[in-house]
Each structure stands twice: as C-alpha cells, then as structure tokens.
Amino acid sequence: TITMSAIAKPHLFFAGATGTQVDTVIPVDWIYTMDKVNVATSATDSTLKYYIYIVFVPAVNGSVRTEKILFDTLAHRDASFTNAKTLIAASVANS
C-alpha cells in the first residue's frame, strides 16, 4: 500500500471565485463529482449565476458534502473548471 502525507496531496481552491469562496479549500482525493452549473437568479429574473458544484466525501467522517463555488462570469468559471481538471489529472497521472 502506498500512502501520501496530507502535505503531498493536492488541494483545490478557486482564486477566481467570488467573495470569501476564494478561501474554500477542497482536498482532491475527497472529490466525488465536479460539475459546471448555471442557475437563474430567481424565478422572475433569468440572469444566470455561474457555479462549480463539487460533491465530496471527507475522509474524516464520510458525510457527503456539496460546495457551490460562485464565479462572476462564465469565462472565469469555465477557466477555473479546466484548471481544476488539469490539477486532478496531474495528481492521478503521478500517483
């Protein structure tokens, strides 16, 4: 069995996210799914908000959680999603 220290495991954080979400850190090895989601502001306002939804299972207690990371533009969200996929793929390829 090969294990990595917590320091060696990659973590995601989204520098392009809005507000305090730039400080949300997600361990890559906890991620179950990651999706781009567009959500209307309200039932009467079709203006879209751009999110990355990350469903993950923490190793500590195993309770499924969802982080909804908000971005100010579609371009910022899509670039962050691509960068996250690149980080995750690199961590898998080097495991």
Side-chain heavy atoms under 4.5 angstrom apart, residues restricted to Ile, Leu, Val, Met, Phe, Trp, Tyr: same cluster for V55 and I31?
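V55 and I31: separate clusters.
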
Are V39 and L70 joined in one hydrophobic group, where the rule is that I, L, V, M, F, W and Y side chains link up if heavy atoms are under 4.5 Å apart?
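Yes, same cluster.
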
Drop me the distance from [X]'s [atom1] to [Y]'s [atom2], to the nearest 0.5 angstrom.
{"X": "R77", "Y": "I52", "atom1": "CZ", "atom2": "CD1", "value": "7.0 Å"}
{"X": "S80", "Y": "L12", "atom1": "OG", "atom2": "CG", "value": "10.0 Å"}
{"X": "K68", "Y": "I54", "atom1": "NZ", "atom2": "CD1", "value": "12.5 Å"}
{"X": "T73", "Y": "L48", "atom1": "OG1", "atom2": "CG", "value": "12.5 Å"}
{"X": "K49", "Y": "L74", "atom1": "NZ", "atom2": "CG", "value": "15.5 Å"}

Under a 3.5 Å distance rule, please check whether Q21 uses its side chain to pair with a backbone N or O of F13 as donor and acceptor.
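No.
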
Answer yes or no: is there a donor N or O on one side and an acceptor on the other, between the side chain of T41 and the main chain of T47, under 3.5 Å?
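A pair under 3.5 Å: yes.
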
Which pair of non-hydrogen atoms, one from P58 and one from S63, has the smallest distance, and what is that distance?
CD-O, 3.0 Å

Taking ring-ring contact (aromatic ring centres under 6.0 Å, His included) as the test, write out the residues that go with [X], two or more places apart.
{"X": "F81", "answer": "none"}
{"X": "Y53", "answer": "Y51"}
{"X": "Y50", "answer": "none"}

